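Please read these numbers as outputs of a predicted model, since none were measured by experiment.
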Amino acid sequence: MEEGQETRHKKHVLLNFQRDIIDSAIENDALFVLAPGLGLYQVVAVLLKLQDERRKLSGEHGVTLVIGADATQRTTLQMELNRIYPSEERFVPDTESEFPKQVTADLSTTDRLGLYASSSCLFVTTRILVVDLLSERLDPKQVSGIIVINAHRLTDSSGEAFIIKLYKTKGGEGYIRAFSESPGSFTSEFAKPEKVLKALHVQNLQIWPRFRNAVQDDFENKAPQLVEVSLAADPGASIIYEAIAELLDVSVKELRKHERLDTTDLSPSQGLTSAFDETVKKQLAPVWHTVSPKIRQIVADMRTLRSLANYLLKFDAITFLKYLENLRVTDGSKSAWMFHSAAHVIFEAAKGRVYKIKQEGQTAEVEPILEELPKWKALMDILYEVMDDKKDHDTPVLVFCDDEFTCEQLQKVIRPDGAKRYMEAQYLKYLASKVEKAQTGVKRSSSGIPVNMAPQSQIEESALRAQAKELGALEKQANDEQKNGSDKTDEWFREHVRFVPSNSVGYISLWENCPSYVVVHDPDITLIRQLELYCAQHDYSKVRVYLLRYEPSPELDKYHSRLLRERSSFEDLIKAKGSMALNISSRTNTPYIPIERADNSASANSITRKGGGRAALPGTEKIRVIVDVREFMSHLPAVLYSQGYNIIPITLEVGDYVLSPEICVERKTIPDLRGSLQSGRLYQQAEAMCKHYSIAILLIEFDGEKAFALQSSAELGEDIQAGHIMSRLVLLCLHHPRLRLVWSRSLHATADIFRQIKANYDEPDPVTAGQVGLEGHAGTGEPTINTTALEMLRRLPGINENNFRDVSREAGSLSGLASMSMEKMIQVMGSSTAGKRLYEFLHQKSTM
C-alpha cells in the first residue's frame with residue numbers, strides 16, 4: 001500500500017495551476033502573489049530543482065540565490081525538496097550535503113567564494129550578500145538569477161531591494177522571481193504593488209487567488225469528504241464572549257472621539273483581529289507623541305481584550321481563570337476596562353466555570369465545577385468513530401491544532417477519562433497556587449486572609465484555602481487513577497493519533513503520512529487549502545476531514561473576517577493591476593546620477609551643470625563613505641547608494657560610518673538609543689570615537705513615518721529622573737564635551753546630512769579606518785577629557801562658570817595650575833580678586 005501511495009504521490013506532485021505558475025516564472029521575470037495555502041513552497045522547490053538540473057545538463061555556470069526567507073521557510077523548502085525528490089540524499093535538511101546550502105556570517109570569505117562558484121542554488125542572508133556585491137567578491141555575472149521570498153516586505157530601501165539594485169547596476173543579467181502569500185500587504189498603502197515591482201526591476205504581476213478558475217477546477221475535482229462539527233460554546237464562555245464584545249464596543253466608541261483617527265471602517269468585530277491593531281497603529285504613529293494617555297491605554301486595552309477572546313476557547317477553564325487573576329494584579333490599576341461592569345461579568349463567569357461557592361452564614365464550601373471544553377468530547381467521539389472504522393488503520397490520524405500549546409494540551413486530554421484527570425490536575429495546581437500566595441509577605445489577619453480584601457472575597461478565599469488542605473490526598477488519588485487508567489484504547493490513541501501544529505512545517509505532515517482521516521481542531525484558512533491541495537494531488541481514495549468549530553464564537557468571527565479581508569485585498573489588487581503604469585526595464589542597467597566632488601584643479605569657467613544624467617566631468621569622483629558591515633542590517637546603506645555615494649564595507653572597531661579621516665559617526669535609532677544608554681555601551685562607544693577622531697558624531701535617527709519627537713510633553717515629569725533618557729543623554733554630553741549630537745528626521749535626511757558634513761573634508765582611507773581601534777593603533781583625536789580633574793578645578797576658590805574653561809585651557813593640568821604665577825592667574829581669570837584667592841589657596845601651607 002505504501003509503495004502504491006508513493007508511486008501515485010510522485011505522479012501527482014504538481015497540479016495544473018502550479019505548473020502554469022512555474023511556466024510563467026521560467027518565461028518572464030515576475031512578482032507572484034498567491035493566496036495562502038496554494039503550495040508556494042512546492043513551486044519554489046521545483047524551480048530550484050530545475051535550475052540544478054539545468055546547470056548539470058548544460059554545463060552552465062551560475063548560482064541561483066534565494067533571499068528574504070526566514071529560518072522556518074528555509075527549512076520548509078528543504079523538506080519539500082526532500083519529499084518531492086526522496087531518492088536524492090542531498091535534499092535531506094541539516095546534513096553536510098544539504099541543498100540548498102546556507103551562506104551566513106559564520107562562513108569565511110574563502111568558503112563563501114567557493115560556494116558561489118560551485119553551487120547551483122544557495123540561501124544567502126541579506127547582509128552578507130550586500131557586502132559581497134559591494135566589495136566585488138561576487139561577480140553579478142556569476143549569478144544566474146535571484147528568487148525573493150516574502151516580496152511584500154520590499155521597500156525602496158530594504159535589504160532585498162538593495163541587493164537587486166546592486167545586481168542590476170553592476171551588470172547582472174539573470175532572472176528575478178519574487179513570491180508572496182500576503183495579498184493584504186499590497187493594499188495596505190498607496191501604490192504598494194508599483195513600489196514593489198520597481199524595487200524588483202520587473203514589470204509582470206501575477207495574481208493567484210483561491211477563486212481563480214484554474215485553482216477552482218483543480219481543487220473541486222477532487223475535494224475531500226468534509227464533515228463539519230458545529231459546537232455551542234459552554235454557557236460560561238458565551239457570557240464572557242458577550243462581555244468582551246461589549247467592552248470592545250465601548251473602546252471603539254472612545255477611539256472615535258479622537259480627531260486624528262479615522263474610525264469609519266472600524267468596528268468591534270474587527271477588534272478581534274490583528275489587522276485592527278495595525279490600522280490604528282498606522283494612523284496614530286505620526287502623532288503618537290500628541291496622543292493622550294487615555295487613548296494610548298484604550299489601544300493597549302483592546303489588544304488585551306483580543307487576547308482574552310483568543311484564549312477563551314484555547315485555554316481550559318482553570319488556566320483562563322488564572323490568566324485573568326494575574327491580569328488583574330498586573331494591569332488592574334491602569335486598565336480602564338477593569339472598572340467596567342462587563343469586567344465583573346467576565347471574572348464571575350470565569351469563576352463559575354471552575355468552582356461554585358455554597359455559603360451558609362460566615363462559612364462557605366467550595367464545589368468544583370471544572371467545566372471542560374466542548375471540543376474535547378467531540379474530538380474523542382471522532383477518534384472512537386475512526387477506531388471503529390476498519391477500512392484503514394495503517395496511516396495515522398492527524399489532528400491539526402493552532403499551536404504547540406494546544407497540541408500538548410490535547411495529548412493529555414485525549415485518552416479514556418483524560419479530560420477529567422487533566423482538569424483535576426489543573427485544579428490541584430490552582431489550589432496549590434492559593435496556598436503559595438497565602439504564604440507570601442502580604443499583610444494578613446490571623447486567619448491568613450489579606451486585611452484589605454472585601455468580606456465576600458475573604459470568605460471565598462478562606463473556603464479555597466480550606467479545600468487546599470486536602471491537596472495531598474486528592475493528588476495521591478489522581479496519581480493512582482492515572483497509573484491504573486491505561487487500556488487498549490489509550491494504547492491505540494498513542495500509536496495512531498498525531499497532533500500537528502498548523503504551520504508551514506506541520507503541513508508537510510500530510511504528504512509524509514498520507515492520512516485518510518484528518519481532524520481540524522482550530523479553523524485556519526491556510527490549513528483548509530493545504531488539505532484541498534493534498535487531496536487534489538492524490539487520486540487513490542477520498543480523505544475524510546473533520547472540522548471542529550464553535551458557532552458563534554471568536555474563532556469563527558476571525559475566520560470569516562480573514563476570509564473577507566483576503567478576498568477584498570485580491571479584488572483591489574486586480575483593479576490596481578489594470579491601472580498600473582510602469583516603465584521598468586528588467587534587462588538594462590538603471591543609471592544613477594552620482595554625488596560628485598569637483599576637483600580643485602578644474603577650470604573656474606568650466607560648465608558644471610550636468611543635465612539629463614550625463615556623464616560626470618573629468619576630475620570628479622563619487623563621495624566615499626566607509627560603512628561597518630554590521631550596519632547593513634539597516635536600510636541606510638541602501639539609501640546612501642541610491643543617492644550616489646560610494647559605499648565601502650569593512651569591519652570597523654570604532655563607529656558605524658567614517659566620513660573623513662577626522663569624522664566618525666555612531667548611528668542610533670530610537671530603540672537602539674534607549675538600549676545603549678541603559679546598558680552603558682554608548683558611553684564606551686563615545687569614548688572610543690572621541691579618542692580616535694577629532695570630530696565624533698552621535699547620529700540619532702527617527703523613523704520617517706513616525707513623529708520627529710523623542711517623547712511627548714505629557715511624559716515630562718516635574719522632577720528630574722536619573723534613569724530617564726534625557727538625563728542619560730545629558731550625562732553623556734557632560735562626560736564627552738566634544739561629542740556632537742545630530743538629529744535626523746529620516747533615512748533620506750541622514751543622507752543629506754552626510755553630504756553637508758563631508759563638505760570640504762578629505763575622503764576617508766579604508767585601510768586606515770579598519771585599523772582604528774585595534775591594539776597598537778594610536779588615537780588621532782584629542783586626548784580624552786579628564787572629567788574628574790575638571791570637577792576638582794570647578795570647586796577651587798575663585799573658579800566659576802565664566803573662567804574655568806580659560807584656566808583649564810591655559811594650565812593644561814592641575815600640576816600646571818599649581819606652577820602658574822599670580823600675575824598669570826590674574827591675567828587668565830580676568831579678576832585680581834579671584835586670581836589672588838586661587839593663588840593663595842594653592843600655596844598656603846597646611847599645618848597639623
Side-chain angles (χ1 to χ4, degrees), residues 67-70 103-105 124-135 148 150-167 169 195-196 199 285 592 595 623-659 663-679 681-682 685-686 688-689 696-708 710 741-755 757-758 764 766 769-770:
I67 61 175
D70 57 34
V103 178
T104 63
V124 190
T125 59
T126 302
R127 181 172 67 89
I128 292 300
L129 186 53
V130 167
V131 170
D132 287 343
L133 286 172
L134 280 173
S135 58
V148 183
N150 298 320
H152 56 276
R153 299 177 182 172
L154 262 71
T155 62
D156 58 349
S157 59
S158 64
E160 292 78 11
F162 191 16
I163 288 173
I164 295 174
K165 186 180 296 183
L166 287 171
Y167 178 64
T169 56
K195 295 176 183 177
V196 175
Y592 293 92
I595 301 174
I623 289 183
R624 182 189 303 167
V625 175
I626 298 176
V627 183
D628 184 25
V629 293
R630 290 164 290 230
E631 269 294 297
F632 286 95
M633 297 295 292
S634 68
H635 293 177
L636 182 56
V639 173
L640 295 175
Y641 183 82
S642 66
Q643 295 199 14
Y645 285 84
N646 182 18
I647 306 298
I648 301 178
I650 62 173
T651 301
L652 295 177
E653 297 295 330
V654 178
D656 294 327
Y657 297 84
V658 177
L659 306 185
I663 304 174
C664 178
V665 178
E666 180 71 29
R667 172 180 170 270
K668 297 292 182 184
T669 60
I670 300 304
D672 191 19
L673 176 67
R674 296 180 186 274
S676 299
L677 286 172
Q678 187 172 3
S679 65
R681 187 174 72 254
L682 184 54
Q685 293 171 336
M689 286 195 298
I697 298 175
L698 172 61
L699 174 71
I700 302 175
E701 187 177 86
F702 289 77
D703 189 341
E705 297 181 356
K706 296 182 180 179
F708 188 32
L710 190 61
L741 301 187
V742 176
W743 305 80
S744 174
R745 178 68 180 83
S746 63
L747 293 168
H748 293 83
T750 301
D752 296 335
I753 291 171
F754 279 6
R755 184 188 306 114
I757 292 176
K758 283 181 61 67

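Proximity of Val742 to Leu698: side-chain heavy atoms (C-beta onward) are nowhere separated by under 4.5 Å. Side chains of His635 and Thr155 form a contact here, defined as non-hydrogen atoms less than 4.5 Å apart. No side-chain heavy atom of Phe162 sits under 4.5 Å from any side-chain heavy atom of Ser157. Put simply, the side chain of Leu166 reaches to within 4.5 Å of the side chain of Leu134, judged on heavy atoms. Residues Ile163 and Ile67 meet the side-chain proximity criterion, which asks for heavy atoms closer than 4.5 Å. Counting heavy atoms from C-beta on, the side chains of Ile164 and Val148 come closer than 4.5 Å. Proximity of Thr169 to Tyr641: side-chain heavy atoms (C-beta onward) are separated by under 4.5 Å at one or more points. Counting heavy atoms from C-beta on, the side chains of Thr126 and Phe632 never come closer than 4.5 Å.
Here the CG-CZ distance, from Asp752 to Arg745, works out to 13.5 Å after rounding to the nearest 0.5 Å. For the atom pair CZ of Phe754 and CD of Gln643, the computed distance is 11.5 Å after rounding to the nearest 0.5 Å. Distance OH/Tyr657 to CD1/Ile663: 15.5 Å, rounded to 0.5 Å.
No salt bridge links Lys668 with Glu701; every basic N to acidic carboxylate O contact stays at or beyond 4.0 Å. Under a 4.0 Å N-O distance rule, the pair Arg153/Glu160 does not qualify as a salt bridge. The existence of a salt bridge linking Arg681 and Asp672 is confirmed by a sub-4.0 Å separation between a basic side-chain nitrogen and an acidic carboxylate oxygen.
Here the shortest heavy-atom pairing between Arg755 and Tyr645 reads N-OH, 3.0 Å. Scanning both residues, Pro764 and Lys758, for their nearest heavy atoms gives CD-NZ, 3.9 Å. What you find for Ala105 and Arg127 is that their closest heavy atoms are CB-NH2, 3.4 Å. Taking all atoms of both residues into account, the shortest heavy-atom contact from Phe708 to Ser744 is CE1-O, 3.7 Å. What you find for Asn150 and Ala69 is that their closest heavy atoms are ND2-CA, 4.4 Å. Between Lys165 and Asp156, the closest heavy-atom pair is NZ-O, 4.1 Å.
By the side chain to side chain donor-acceptor pair (under 3.5 Å) test, His152 pairs with Ser180, sequence neighbours left out.
Only one option out of Val627, Leu636, Leu699, Asp628 pairs with Asp656 in a side chain to side chain contact (heavy atoms under 4.5 Å, CB included); it is Asp628.
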Decide yes or no on side chain to side chain contact (heavy atoms under 4.5 Å, CB included) for Arg630 and Thr651, but give the supporting numbers first. CA-CA 8 Å; Arg630 290 164 290 230; Thr651 301; 4.1 Å; yes
Stepwise, does the side chain to side chain contact (heavy atoms under 4.5 Å, CB included) test hold for Ile697 with Glu666? CA-CA 6 Å; Ile697 298 175; Glu666 180 71 29; over 6 Å; no
Side chain to side chain contact (heavy atoms under 4.5 Å, CB included) between Trp743 and Leu741, intermediate numbers included: CA-CA 7 Å; Trp743 305 80; Leu741 301 187; 4.1 Å; yes
Take Leu652 and Val658 through the side chain to side chain contact (heavy atoms under 4.5 Å, CB included) test and state the conclusion after the steps. CA-CA 9 Å; Leu652 295 177; Val658 177; 3.9 Å; yes
